[in-house]
2 protein chains.
Amino acid sequence: MTSIVQVAELAGVSIATASRVISKSNYPVNYKTRERVLAAAAELNYTPNALARGMKTQHSNMLGIIVGDNTDPYYAEIMRGVEEVATENGYLTIVCNTDRQPAKELKYLQTLRDFRPSGIIFAGGGLTEAGYPEKLAEKVCELTERGTAVVTLSQHTLHVPSYQPDNFDGARQMVNKLISLGHRKIAFVTGPANLIVANIRLQGYMAGLVEAGLSLTQNMLLPGNFSMAGGEQAVKSLAYLPPHERPTAIFAANDETALGVMIGLRQMGWQVPRDVSVCGFGDLPVAQAVSPTLTTVRIGLRELGRHGMLKVLALLKNEQVAEIEIAPTSIVERDSTAPPGLSQY
Amino acid sequence: MTSIVQVAELAGVSIATASRVISKSNYPVNYKTRERVLAAAAELNYTPNALARGMKTQHSNMLGIIVGDNTDPYYAEIMRGVEEVATENGYLTIVCNTDRQPAKELKYLQTLRDFRPSGIIFAGGGLTEAGYPEKLAEKVCELTERGTAVVTLSQHTLHVPSYQPDNFDGARQMVNKLISLGHRKIAFVTGPANLIVANIRLQGYMAGLVEAGLSLTQNMLLPGNFSMAGGEQAVKSLAYLPPHERPTAIFAANDETALGVMIGLRQMGWQVPRDVSVCGFGDLPVAQAVSPTLTTVRIGLRELGRHGMLKVLALLKNEQVAEIEIAPTSIVERDSTAPPGLSQY
DNA sequence: GTGAAAGCGCTAACAC
DNA sequence: GTGTTAGCGCTTTCAC
């Protein structure tokens, strides 16, 4: 394999000089000499060994992205944004699926550590299992101490720079919207209890109700888990409610759940939005593809990823970065919501 | 940072000995000595620097996976399978989005090369632009020569070990199925013309028709591009056909296209499967989520990824591997297909 | 069964 | 503006 030594030889310069031009260091090199080195490198089809370089510099132009599951469109979109900016800047993106399991997350962090990544992005949102935040913080500390840039893309137990969607306000706004449509009985399908983000959305929902002077009724909270199956399951319980106690709108903690809710309702013979309005959170591409199209809270996911990676790059350049930046969320009104009272029951 | 030197010191042995036990080499080391090294490593929370190791061994326990777009569920599923097996074996998975652009694919291969990956998996299927297969083959050759294990997960221009779904037979079977339902006018929405896999599915479709003694009518071929928008667009042209010339079934080259087809038909006021049957290829998770649920050709995508990675591992161990293995495909009949003639026109 | 030492390819002092 | 050289942390001959 061709190394910098052959390049130097062919160019008739020392390895140091060759390295200076190859590594784009800002060290002064004579114009002609530089040209010769570049020509030699091109001729030999040479590119530097990233491993060797990483060994010297102590970091490797690799970026780890921690996600729950790369097949989940929420993460897939973020990952795509991260990857775009990463590759534009010569970084390689490593997928780390955790399935939201602390053990897997820790394991990946360990493996990543061995590779001296330049940065790590936590796309998903902080697991809150007892004792886990501390363990995680410790592992992450080992990384940051050694210069790895760590960024989260959601509210998180980790106290590192973060670019995060306004989950609280998004949920609050959605409740406002439903209320302005005339809804008073608004159910909420929750996310996993151990996920910070899921809880913040729940809080936004509750805040929205309280602001409007509505009371929280226990059975308006349906347990979900951010999955389609969870949403489908959750609404089944509504069939047992006497008609006048049924919600006129169901707000799901994420889009996948909302899709499940729609499937469940269809099976029950309830029509959306005639009998009940449904809305989600995230604005995944699929929200526009289903029928009826899904009203949801828009997070610019790809942009979230792009911005997160830019933050990593800024950190790496020792630039000043805001500790926490909030990405605004907004309501996208589509066909799955309508005023209540269209129903026959 | 703690290196093997501190471990050796703490254990009171030489670096060589420490390395022998840490690197799990099968070199004989005294039982007690081994224990001491392990204890020291544990105490120091030591794990070997993957970069340094890679520098010696000339490959880095990294695996590149080349996909069109990681947000495409087809690739996401494969990637997930690959990642599972990779991480179980201590490999890191690098996402490489090419958007099916030769230039991006080449660029990624170049970057990967610098990192000395142990393996590269081409999840997507061979671009056939003029002159490109040769260029790609050359780049890949540089990699394989140096011991990188390269595997494709579809029919491909590259002549490397491959584990690939039976795209031809899947399409043929689907046509058989439609014919057995009574369909005679079966349209096919094609994939991108520059994609091998898309063409093979098209060939399977044609073979199925020919076997049944049906003729290929030109306007039964609708141009698509594997995207939802493409499917939506494609069916619009059918509105201009006189009713008796309209297809009674539309077979889309992949599931995304089929979803687009369903959306387009809905806009045109055609009901599925009453007015026209629709089917896809791939069996993405979403195929079960849409309404009506989608009849499609099942490829075990995650399994495809898992198996592909296993093939890489086998190659790395210099085991004998089959050059080409075919993964069977099968028909999953759901609600989007029915016998023709239910339509009112 | 163990240790000393070379060297993988690169960068960054440090000379000149 | 250029060259010499010392490592980065590891594996692996080659001695003993």
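First the proteins, then the strands, lettered A, B, ... as listed; each starts at 1.
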Q. Taking only residues two or more places apart in sequence, or in another chain, which ones meet A/His59 in a ring pair (Phe, Tyr, Trp, His ring centres under 6.0 Å)?
A. none
Q | Identified side chain to side chain contact (heavy atoms under 4.5 Å, CB included) counterpart of A/Thr71 within the set B/Glu77, B/Met79, B/Glu83 | A | B/Glu77
**Q.** Salt-bridge contact A/Glu105-A/Arg100 (side-chain N to carboxylate O under 4.0 Å)
**A.** no
Q) Between which nucleotides of DNA chain D, 5' to 3', does chain A make heavy-atom contacts below 4.0 Å? A) D/dG1 to D/dG9
Q) Taking the side chain as C-beta and beyond, is there a heavy-atom pair between B/Pro117 and B/Leu63 under 4.5 Å? A) no
Q. What nucleic acid atoms does B/Ser19 come within less than 4.0 Å of, heavy atoms only: base, sugar-phosphate, or nothing?
A. base
Q. Is the shortest side-chain N to carboxylate O distance from A/Arg80 to A/Glu84 below 4.0 Å?
A. yes
Q: For the residue pair A/Thr111 and B/Thr47, establish whether any side-chain heavy-atom pair is separated by less than 4.5 Å.
A: no
Q | 5' precedence on DNA chain C between B/Val13 and B/Ala52 (nearest-nucleotide basis) | A | B/Val13
Q: State, without any angle test, whether B/Arg53 and B/Ser23 hold a side-chain donor-acceptor pair at a distance under 3.5 Å.
A: no
**Q.** 5' precedence on DNA chain C between B/Lys56 and A/Arg53 (nearest-nucleotide basis)
**A.** B/Lys56
Q. Can a salt bridge be assigned to the pair A/Glu88 and A/Arg306 using a cut-off of 4.0 Å between side-chain N and carboxylate O?
A. yes
Q) Residues from residues 30-51 of chain A sitting under 4.0 Å of DNA chain D, heavy atoms only? A) A/Asn30, A/Thr33
Distances for protein N or O near nucleotides 13-16 of chain C N or O, under 3.5 Å:
| residue | atom | partner | partner atom | Å |
| --- | --- | --- | --- | --- |
| C/dA13 | N6 | A/Arg20 | NH2 | 3.2 |

Show me, pair by pair, the donor-acceptor contacts under 3.5 angstrom made by side chains of residues 33-44 of chain B, not counting sequence neighbours?
| residue | atom | partner | partner atom | Å |
| --- | --- | --- | --- | --- |
| B/Arg36 | NE | B/Ala11 | O | 2.9 |
| B/Arg36 | NH2 | B/Ala11 | O | 3.4 |

Q. Given atom CD1 of B/Ile15 and atom P of C/dA4, what is their separation to the nearest angstrom?
A. 9 Å
(Q) So, OP1 or OP2 of C/dT11: does either fall under 4.0 Å of a side-chain N or O from A/Thr57? (A) no
**Q.** Partners passing ring pair (Phe, Tyr, Trp, His ring centres under 6.0 Å) against B/His307 (at least two apart in sequence or in another chain)
**A.** B/Tyr163
Q) Roughly, in whole Å, what's the span from CD in B/Glu9 to C1' in C/dG3? A) 15 Å
Q: Check whether more than 12 heavy atoms from other residues, nucleotides or ligands sit under 6.0 Å from atom CD of A/Glu138, and answer yes or no.
A: no
Q. Expressed in angstrom and rounded to an integer, what is the separation of B/Ile4 atom CD1 from C/dA4 atom C1'?
A. 14 Å
Q.
So, OP1 or OP2 of C/dA4: does either fall under 4.0 Å of a side-chain N or O from B/Ser14?
A. no
